[in-house]
Amino acid sequence: MKPKTPTAKQIALFQQANGLHQSGQLAEALAIYKKLLQNFTADPELLERIGTITIQQGHAAQALPFFDRSLQIAPGRALSHCSRGIALQQLNRPDQALAAYQQAIRLKPDYADAYINRGVVCQELRRHDEALDCFDRAIALEPHSAPAHINKAVLLQNLKRYEESLANFSKARQLDPDYEFIDGQFLYNKLQLCDWDALETLQTGLFAKIDSGLKAAMPWHVLSFTDDPARQQKAAECWAQNQFPAEGNPQFGMVGHDKIRIAYVSADFYMHPVAILTAGLYENHDRRKFEIFAFHYGRERDEMTARLEAGFDRFIDIGELSDQQVIQLARSLEIDIAVDLAGYTGDSRTGLFANRLAPLQVSYLGYAGTMAAACMDYMIADSILIPETGRRHYAEKIVYMPNSFQANDDTRQIAATVFSREAFGLPEKAFVYCCFNNSYKIHPDTFRSWMRILAKVDGGVLWLPADYETQAVELAAIKNVLQRNRLTAPLFDTRLFTRHLEAAYTHMYQRYAAGLPADDILVDA
């Protein structure tokens, strides 16, 4: 059967839909494309475009059949293979996504976008050499591609190759100064190098964009640039609206279990600060009142993972599940409270919470700012982290913990080794000032303050280790203080902290069950 020839009216409709699509009016464009599809059921381009919009609307699973149909009709369409790869990538099926991108490249060897997408998947799989090769190939094919340079820059930044990363961010900013969130990435990279050249000018420009609601910086980066909670909130609102637009807030009826079911969700259930701090918390939950689940989506596993697996009632790997599959799992398990331990940090899966894992959702520990999203009901904090003056800049209702919001594990052993000053090249008689923070947290004003102090302290030394993560300092005085205080200080009382947190969980659960909205909670010490 010969394919139908479109009429002038149908061609006009197609052009109208294309214009709507390009201007971001996705629903309107999709309606026209689907209307045209009724008369042109075997048109691979129409199927491809419908699938693309469906992905852009956040429905990768529904998009996949359109690309499959397009490829049944026209197997040689590289664009359909690439778009199919995007759907598979969003469905957390990386091996299949890589195969789709590779097929697109086989059909179209100069397909720079397919190389970029393939590189992103390789990076997520920690196949860094392959990812770098993909981005380099994309740049060779399209030297003026800002996305290629940005993705390469992000990879190099993750590999701590900051100078190379900065060069690629600089090139991307030259190619496309308005690329989404690039200003924040560029400035964050400069701070990693303690490169303060033109810092004040860059920050002023960045803050003006944030205050205007522009896509200037990711929320995680903004925490590094300013302690202004209003500006942090503004950046988080922009990120939430663009990355996780609200699609309604489904209400759940409490099932009424004998125990409150809590799911802690994280990529960091291995030898990572989040796990190190919280391991004792999970072990100390009162199993008469609570059932504790881990939803683990990280790729790292070690001896800490084994301990955590034993510490939860159920430890569930969700790394290979799509967001929708995880949500269905959480609802089938009738989770009452889902706790996000990542927030807007690097290895986050905020989409799980945006589409509601549980009736109550809580932000805790991994991210100290507001997520500015309606899906997050509560945030665990204390009066130091969020003083009353800053409360209005958080979208979440705040659980104010007594003593400290930070969990600690009181079973951690203090090393027996006693290090000498000589071992670290420190003067024997000097007064040693230390800062073991990451370099991006050191700003010129802070450094100038340090220099003024050192100028007035004879024999004073400022110690900034080159690698904060691999060097530990356990001077005898600090060790003795820790040994004296850990058994009496509330900061190190894991059981007391757990009881306080459980009181907060119980209160929020009871409010929800009574049909009351979320509200601030002040936990009694």
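The first residue in the sequence is number 1, and the count goes up from there. The figures that follow rest on heavy atoms only: side chains count, while hydrogens, waters and symmetry mates do not.
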**OP:** Give a yes or no on whether E164 atom CD has more than 12 heavy-atom contacts from other residues, nucleotides or ligands under 6.0 Å away.
**Re:** yes

Original post:
Is the backbone N or O of D445 less than 3.5 Å from a side-chain atom of S449, with the two atoms forming a donor-acceptor pair by type?
Top reply: yes

**OP:** Would you tell me whether D409 and T411 have side-chain atoms, one donor and one acceptor, within less than 3.5 Å of each other?
**Re:** yes

**OP:** Looking only at non-hydrogen atoms, find the nearest pair between A172 and I182 and report the distance.
**Re:** CB-CD1, 3.6 Å

Original post:
Any cation-pi pair here, R301 with Y270, using under 6.0 Å and within 45°?
Top reply: no

Subject >> No-hydrogen, no-angle side-chain donor-acceptor test under 3.5 Å, H128 and Q123 >> reply: no

Original post:
Any salt bridge between D377 and R356, counting N to O under 4.0 Å?
Top reply: yes

**OP:** If a pair satisfies salt bridge (Lys or Arg N to Asp or Glu O under 4.0 Å) and one of its residues is in residues 173-182, list it, with sequence neighbours excluded.
**Re:** R173-D183, E180-K215

Original post:
Between R495 and D286, is there a side-chain N and carboxylate O pair less than 4.0 Å apart?
Top reply: no

**OP:** Answer yes or no: is there an ion pair linking E388 with R391, defined by an N-O contact shorter than 4.0 Å?
**Re:** no

Original post:
Quick check, are the ring centers of Y264 and Y282 under 6.0 angstrom apart?
Top reply: yes

Original post:
Just by modelled atom types, is the G319 backbone N or O under 3.5 Å from a matching donor or acceptor in the N92 side chain?
Top reply: yes

Original post:
Is it the case that more than 12 heavy atoms not belonging to R299 sit under 6.0 Å from its CZ atom?
Top reply: yes

Subject >> Smallest separation among heavy atoms of G213 and C238, with atom names >> reply: O-SG, 3.8 Å

Original post:
Are Y505 and Y378 close enough that their ring centers fall under 6.0 Å?
Top reply: no

**OP:** Verify, without hydrogens or angle tests, whether T494 (side chain) and L281 (backbone) share a donor-acceptor contact under 3.5 angstrom.
**Re:** no

**OP:** Could you tell me whether Q325 atom CD has more than 12 heavy atoms of other residues or ligands within 6.0 Å of it?
**Re:** yes

Original post:
Can you tell me if S322 and Q324 form a side-chain donor-acceptor pair at under 3.5 Å?
Top reply: no

Original post:
Are W220 and Y188 close enough that their ring centres sit under 6.0 Å apart?
Top reply: no

**OP:** Examine distances only and state if a side-chain atom of E396 and a backbone atom of T370 form a donor-acceptor pair shorter than 3.5 Å.
**Re:** no

Original post:
Between the main-chain N or O of Y162 and the side-chain N or O of N189, is there a donor-acceptor pair closer than 3.5 Å?
Top reply: yes

Subject >> Side-chain donor/acceptor of K259 to backbone N/O of R287, under 3.5 Å >> reply: yes

Original post:
What pair of heavy atoms forms the shortest contact from I386 to Y394, and how long is it?
Top reply: CD1-CE2, 3.5 Å

Original post:
Going by an N to O cut-off under 4.0 Å, is there a salt bridge joining K234 and D211?
Top reply: no

Subject >> Donor-acceptor under 3.5 Å (S170 side chain, L166 main chain) >> reply: yes

Subject >> Sidechain-backbone polar pair: S212 side chain, L214 backbone, donor-acceptor under 3.5 Å >> reply: no

**OP:** Determine whether more than 12 heavy atoms belonging to other residues, nucleotides or ligands lie under 6.0 Å from atom CG of L516.
**Re:** yes

Original post:
Would you call L202 and F207 a side-chain contact if the rule is heavy atoms closer than 4.5 Å?
Top reply: no

Original post:
Where the side chain of Y364 meets the backbone of A342, is there a donor-acceptor pair that is under 3.5 Å apart?
Top reply: no

Original post:
How many angstroms lie between atom CG of L132 and atom CG of L159, to the nearest 0.5 angstrom?
Top reply: 7.5 Å

**OP:** Would you kindly say whether E502 and H285 are connected by a side-chain donor-acceptor distance under 3.5 Å?
**Re:** yes

Original post:
Does atom CZ of R314 have more than 12 heavy-atom neighbours from other groups under 6.0 Å away?
Top reply: no

Original post:
Would you say D302's side chain and T305's backbone share a donor-acceptor pair under 3.5 angstrom?
Top reply: yes

